[in-house]
K.L.:
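Got a structure for you, questions after.
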Amino acid sequence: MSQTLNEATVLVVGAGIMGAGIAQIAAQAGHQVLLYDVGAGAAAQAITKLSATFDKLVGKGKITAAAAAESLGRIRVADRLADCAAVGLVVEAIVENLGVKQQLFNDLEGVVAADCVLATNTSSLSVTAIANGMQHPERLVGMHFFNPAPIMQLVEVVSGLQTSPTVAEGIFELSARWGKVPVYARSTPGFIVNRIARPFYAETLALLQEQASTPSVLDACLRAVGFRMGPCQLTDLIGHDTNFAVTQSVYAANFYDKRFVPSLVQRELVDGGLLGRKSKQGFYDYRDGATNAVLIEMAAPESLPRAHTIQVHGSGAVAEHILAALDRQDYRYEQVTASDWQGLAVDGAQLRLTDGRTATELGSEVAVFDLPVRFAENPVLAWAISGRASERWAQTAPVWLQVLGFAPQAIADAPGLVVARTLAMLINEAADAVQQGVCTEQAADAAMKLGVNYPAGPFEWLADWSVGAVVELLTHLDAYYAGERYRVSPWLKQKQWLTA
Ligand code: NAI
C-alpha cells in the first residue's frame with residue numbers, strides 16, 4: 001500500500017487555502033499533482049499563486065530555482081474529475097459541508113480505481129459520517145493538515161468507524177515522508193487539537209464573564225507559561241466568528257455537554273461584528289491611533305519587607321523556588337514540609353499556591369497565587385486576596401511575591417486563578433481524549449505542540465505538576481461552580497488511585 005502511495009499521482013480537490021498548500025507539499029515530495037476545483041479558473045489561479053510562493057522560497061534560499069521549477073511543473077489543473085481516473089490518492093479540501101463532501105466521494109468512487117486511497121482534510125466533520133454511503137468506506141481516512149499547511153508540521157490521521165487500519169497506516173507513513181509529524185486520531189468531535197484546545201479559550205472567556213480580570217492581564221499570565229499569544233490575542237487573530245463556530249460545533253457534536261458550552265462574551269463580539277484583527281476591533285483595538293490597556297507594573301519595593309516569623313510550606317518545585325529566593329535575600333525561615341498547602345506564611349498570614357479554592361474560602365489573612373510554570377526572570381503571575389483580609393496583608397502580599405521573583409497581577413478572587421485552571425482543564429480534556437481512545441498521550445502532546453504551537457504538551461505539564469494536585473484543583477472548581485464543566489476525567493481519577 002505505502003509503496004503505491006509513495007509513487008501515486010495525487011489529486012487535490014479544492015484549490016483554496018488548504019488545497020493549494022497540500023498540492024505544494026505533495027509536489028515538493030515528488031508526486032505528480034492534479035488540482036481540481038468547481039470554481040471556474042480557481043485551480044489555475046491557485047497554481048499562479050503557488051508559482052509566486054515558489055519564487056519567494058527561492059528568494060529566501062530555502063529551495064533552489066531548479067527544485068522550484070520541477071515542483072511547480074508537477075502540478076497541473078484537472079478540468080474534470082472524470083480525467084482523474086489514474087490517481088492513487090485523493091486529498092479533499094473543499095467546502096466544510098457534509099452533504100457536499102459525501103457527494104464528492106460518491107462521484108470519485110465512480111472515477112478512480114478500487115485501490116485509490118481517499119483522504120479528507122475536514123477539520124470538524126465526522127470521517128465516519130463522510131464515509132456513509134460510499135461503496136468502499138474503508139478507504140476513506142482523515143488527513144487533517146493545519147494552516148498554513150506547508151509550514152505546520154502536524155497531520156492528524158483520522159480513522160472513522162470503517163476506515164481500514166492499512167489505509168490509516170499508509171497515510172501516516174506518507175505524511176512522514178512528506179516531512180510532517182503524523183499522529184493517529186479517532187474520528188470524534190474536534191479530533192485532537194481542536195478538542196483539547198477548547199479550554200485555552202474557554203477559561204479566559206469564563207474569567208472575563210465573571211469580570212475577574214482584563215484581556216491584557218489574562219493574556220500576559222498565559223504568555224508567562226510560554227504560549228506565544230494569550231487567548232484574547234489569539235482569538236482576535238483567528239477571528240471570533242471562526243473560533244466561535246468551532247466551539248459551537250464541538251459543543252453541538254457532544255450533545256450539548258456543558259463542558260464545551262460557548263461563551264456569551266465571545267458571542268457578543270461576534271454579534272457586534274468585533275471579529276478581531278480582520279475587523280480592526282475585538283478584545284483589542286487595532287484601529288489607527290488606538291491604545292490598549294497595558295499591565296499595571298508594581299515598582300520594586302524600596303526596602304525588603306520584614307517579618308518575625310517566616311515559614312515555607314510544602315515541598316516540590318514551588319517550595320524550592322521560594323527557598324532559593326529567600327536564601328538569596330538572606331531571610332531566615334523555617335520549613336514546614338509536612339503541610340497541606342504550599343507557599344509562604346509571614347507572621348501567620350498566608351500566601352498560598354492556588355489549590356482551586358478562593359482565598360476568601362481559605363481564611364482571612366490569606367492571599368493565593370497562580371501556578372508558576374516557568375521560573376523565568378520576573379514572570380507575570382496572577383494573585384488574589386481574601387475578601388476578609390486586612391488592608392495591611394492586601395498591601396504586603398504582592399510585595400512578598402516580588403521578593404519571590406514574580407511580577408504580581410491582582411485579579412478578582414476567582415478559584416484556580418488563570419494558569420492553574422487553564423492548564424488543569426487542558427490536561428483534563430487531554431485525559432478524556434486518551435480515556436476515550438481518541439489518541440495516545442504522546443500523540444496529544446505532539447499534536448498540541450505542533451498543531452497550535454503550545455510550549456509543552458498537556459501530559460508534559462502533568463508530569464511536572466502532579467495528578468493529585470490537578471484532581472484536587474478540578475474538584476474544588478467543580479464544587480465551586482457546581483456544573484458539568486469541571487468534572488474530573490475518569491483517566492485522572494484512575495491515575496490518582498494507581499499512584500496513591
Ligand atoms: P477555501 O474556501 O479556501 O477553499 C475551498 C475550495 O473548495 C474553494 O476554492 C471552492 O471553490 C472549492 N470547492 C467547494 N466545493 C467544491 C466541490 N464540490 N468540488 C470541488 N471544489 C469545491 O477553504 P479552506 O480553508 O481551504 O478549507 C478547505 C477544507 O479544509 C475544509 O474542509 C476546512 O474545514 C479544512 N481545513 C481548513 C483549515 C483552515 O485553517 N482554513 C485548516 C484545516 C482544515
Side-chain angles (χ1 to χ4, degrees), residues 11-26 33-50 53 77-84 87 90-112 118-127 129-131 140-158 160 171 175 180 182-183 185 187 189-195 197 234-235 237-250 253 276-278 447 450-453:
L11 166 63
V12 178
V13 186
I17 302 173
M18 296 306 289
I22 296 164
Q24 179 191 334
I25 299 166
V33 179
L34 292 172
L35 192 54
Y36 172 78
D37 196 292
V38 276
Q45 254 177 34
I47 295 178
T48 309
K49 277 196 202 150
L50 279 176
T53 305
V77 173
D79 290 322
R80 301 178 319 149
L81 279 186
D83 299 338
C84 303
V87 302
V90 180
V91 185
E92 167 274 311
I94 66 166
V95 60
E96 188 75 340
N97 175 298
L98 179 61
V100 181
K101 286 195 198 282
Q102 283 174 330
Q103 182 63 53
L104 173 71
F105 284 110
N106 268 303
D107 294 347
L108 282 166
E109 282 198 308
V111 173
V112 298
L118 303 177
T120 170
N121 182 45
T122 182
S123 48
S124 64
L125 299 171
S126 151
V127 174
I130 296 174
L140 183 79
V141 63
M143 190 179 195
H144 184 212
F145 290 86
F146 289 73
N147 190 10
I151 290 171
M152 298 302 284
Q153 275 190 292
L154 185 69
V155 174
E156 291 178 339
V157 178
V158 187
I171 290 299
S175 303
K180 299 294 175 189
V183 292
S187 183
F191 309 141
I192 305 175
V193 170
N194 279 336
R195 171 195 183 144
L234 185 56
T235 46
L237 180 71
I238 295 170
H240 289 285
D241 49 347
T242 306
N243 187 259
F244 187 60
V246 178
T247 306
Q248 276 184 304
S249 111
V250 171
R277 283 179 180 270
K278 62 184 169 189
L450 300 174
V452 272
N453 292 322

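Just so it is clear, the model here is predicted, and its values are computed rather than measured. Atoms within each ligand, like the ligands themselves, are counted from 1 in listed order.
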K.L.:
When you compare the side chain of Asn194 with that of His144, does any pair of heavy atoms fall below 4.5 Å?
P.N.:
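Side chain of His144 against side chain of Asn194, heavy atoms only: contact under 4.5 Å found.
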
K.L.:
Counting N and O atoms only, with roles assigned by atom type, does the side chain of Ser187 sit under 3.5 Å from a partner on the main chain of Val127, one being a donor and the other an acceptor?
P.N.:
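It does hold such a pair.
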
K.L.:
Measuring only between side-chain heavy atoms, which start at C-beta, is Val141 closer than 4.5 Å to Leu118?
P.N.:
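A side-chain contact under 4.5 Å is absent here.
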
K.L.:
Could you tell me whether atom 2 (O) of ligand 1 has at least one protein heavy atom nearer than 4.0 Å?
P.N.:
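Answer no: nothing from the protein, no heavy atom, is under 4.0 Å.
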
K.L.:
Do Leu154 and Val183 come close enough that some side-chain heavy atom pair is under 4.5 Å?
P.N.:
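Leu154 vs Val183: side chains touch.
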
K.L.:
Does the side chain of Phe145 reach to within under 4.5 Å of the side chain of Glu156, using non-hydrogen atoms?
P.N.:
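A side-chain contact is absent here, since even the closest heavy-atom pair is not under 4.5 Å.
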
K.L.:
How does Val13 reach ligand 1, by side chain, by backbone, by both or by neither, if only non-hydrogen atoms under 4.0 Å count?
P.N.:
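The part of Val13 near ligand 1 is the side chain, not the backbone.
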
K.L.:
For atom 39 (C) of ligand 1, which candidate among Glu156, Glu96, Met18 holds the nearest heavy atom?
P.N.:
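Closest candidate by heavy-atom distance is Met18.
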
K.L.:
With respect to atom 21 (N) of ligand 1, which of Val38, Leu104, Asn147, Ile238 exhibits the smallest heavy-atom separation?
P.N.:
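Among Val38, Leu104, Asn147, Ile238, the closest heavy atom to atom 21 (N) of ligand 1 comes from Val38.
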
K.L.:
Heavy atoms only: which of Thr242, Thr120, Val193, Ile94 lies closest to atom 31 (C) of ligand 1?
P.N.:
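Nearest option to atom 31 (C) of ligand 1, by heavy atoms: Ile94.
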
K.L.:
If you have a sec, work out which protein heavy atom is nearest atom 5 (C) of ligand 1 and how many Å separate them, to one decimal?
P.N.:
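The closest heavy atom on the protein side is Ala93 O, 3.8 Å.
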
K.L.:
Quick check on contacts: which atoms of ligand 1 are under 4.0 angstrom from a heavy atom of Val100?
P.N.:
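The list of qualifying atoms is 18 (N).
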
K.L.:
What atoms of ligand 1 come within less than 4.0 Å of a heavy atom belonging to Lys101?
P.N.:
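Taking each heavy atom of Lys101 in turn, ligand 1 has 31 (C), 32 (O) under 4.0 Å.
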
K.L.:
I need the atoms of ligand 1 closer than 4.0 Å to a non-hydrogen atom of Ile17, numbered in the order shown.
P.N.:
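Those of ligand 1 that fall under 4.0 Å from Ile17 are 3 (O), 26 (O).
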
K.L.:
What I'd like to find out is whether the side chain of Asp83 reaches to under 4.5 Å of the side chain of Tyr36, using heavy atoms alone.
P.N.:
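No - every pair of side-chain heavy atoms lies 4.5 Å or more apart.
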
K.L.:
Looking only at side chains, do Thr53 and Gln24 share a donor and an acceptor under 3.5 Å apart?
P.N.:
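Result is no, nothing qualifies.
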
K.L.:
Evaluate the side-chain proximity of Leu34 to Val12: yes if any heavy-atom separation is below 4.5 Å, no if none is.
P.N.:
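The answer is no; the side chains never approach within 4.5 Å.
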
K.L.:
Is there any N or O on Phe146 that sits under 3.5 Å from an N or O of ligand 1?
P.N.:
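Min N/O separation from ligand 1 is not below 3.5 Å for Phe146.
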
K.L.:
Answer yes or no: does an N/O atom from Gly19 fall short of 3.5 Å to an N/O atom of ligand 1?
P.N.:
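No, no N or O pair falls under 3.5 Å.
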
K.L.:
I'd like to check whether His144 has a polar contact with ligand 1, where a contact means an N/O of the residue lying under 3.5 Å from an N/O of the ligand.
P.N.:
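Such a contact does not occur with ligand 1.
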
K.L.:
Give yes if a backbone or side-chain nitrogen or oxygen of Glu92 is under 3.5 Å from a nitrogen or oxygen of ligand 1, and no if not.
P.N.:
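It does not: no N or O of Glu92 is found under 3.5 Å from an N or O of ligand 1.
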
K.L.:
Is Thr122 close to ligand 1, meaning an N/O of one under 3.5 Å from an N/O of the other?
P.N.:
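No: no nitrogen or oxygen of Thr122 is under 3.5 Å from one in ligand 1.
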
K.L.:
With respect to Asp37, determine whether any N or O atom, backbone or side chain, lies less than 3.5 Å from an N or O atom of ligand 1.
P.N.:
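Yes, there is a polar N/O contact under 3.5 Å.
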
K.L.:
Report yes or no: does Asn106 contribute a side-chain atom to a donor-acceptor pair with the main-chain N or O of Gln102 at less than 3.5 Å?
P.N.:
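Flag set: sc Asn106 to bb Gln102 pair under 3.5 Å.
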
K.L.:
Ignoring hydrogens and geometry, is there a side-chain-to-backbone donor-acceptor pair from Glu96 to Ser123 under 3.5 Å?
P.N.:
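Yes.
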
K.L.:
Report the nearest protein non-hydrogen atom to atom 4 (O) of ligand 1: residue, atom name, distance rounded to 0.1 Å.
P.N.:
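Result for atom 4 (O) of ligand 1: Gly16 CA, 3.2 Å.
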
K.L.:
Quick one: CD on Gln45 to CG on Leu35, what's the gap to the nearest 0.5 Å?
P.N.:
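Nearest 0.5 Å value for the CD-CG distance: 11.5 Å.
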
K.L.:
In the complex you have, is atom 23 (O) of ligand 1 within reach of the protein, judged by whether a heavy-atom distance drops under 4.0 Å?
P.N.:
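When distances to the protein are checked, atom 23 (O) of ligand 1 has no heavy atom within 4.0 Å.
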
K.L.:
Report, in ascending order of atom number, the atoms of ligand 1 lying under 4.0 Å from any heavy atom of Asn121.
P.N.:
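It comes down to these atoms of ligand 1: 30 (O), 35 (C), 36 (N), 44 (C).
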
K.L.:
Counting heavy atoms only, which part of Phe145 comes closer than 4.0 Å to ligand 1: side chain, backbone, both or neither?
P.N.:
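The answer is the backbone of Phe145.
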
K.L.:
Under 3.5 Å, N or O to N or O, is Ala42 touching ligand 1 that way?
P.N.:
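Ala42 vs ligand 1: no N/O contact under 3.5 Å.
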
K.L.:
Does the side chain of Gln248 reach to within under 4.5 Å of the side chain of Phe244, using non-hydrogen atoms?
P.N.:
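Heavy-atom side-chain distance check passes, below 4.5 Å.
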
K.L.:
Out of Asn97, Leu125, Ile130, Val95, whose heavy atom is nearest to atom 15 (N) of ligand 1?
P.N.:
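Looking at heavy atoms only, the winner is Val95.
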
K.L.:
Do Val157 and Met143 have side chains that get closer than 4.5 Å, going by heavy atoms?
P.N.:
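No, their side chains stay 4.5 Å or more apart.
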
K.L.:
Answer with side chain, backbone, both or neither: which part of Ser123 has a heavy atom less than 4.0 angstrom from an atom of ligand 1?
P.N.:
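Contact part for Ser123 vs ligand 1: both backbone and side chain.
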
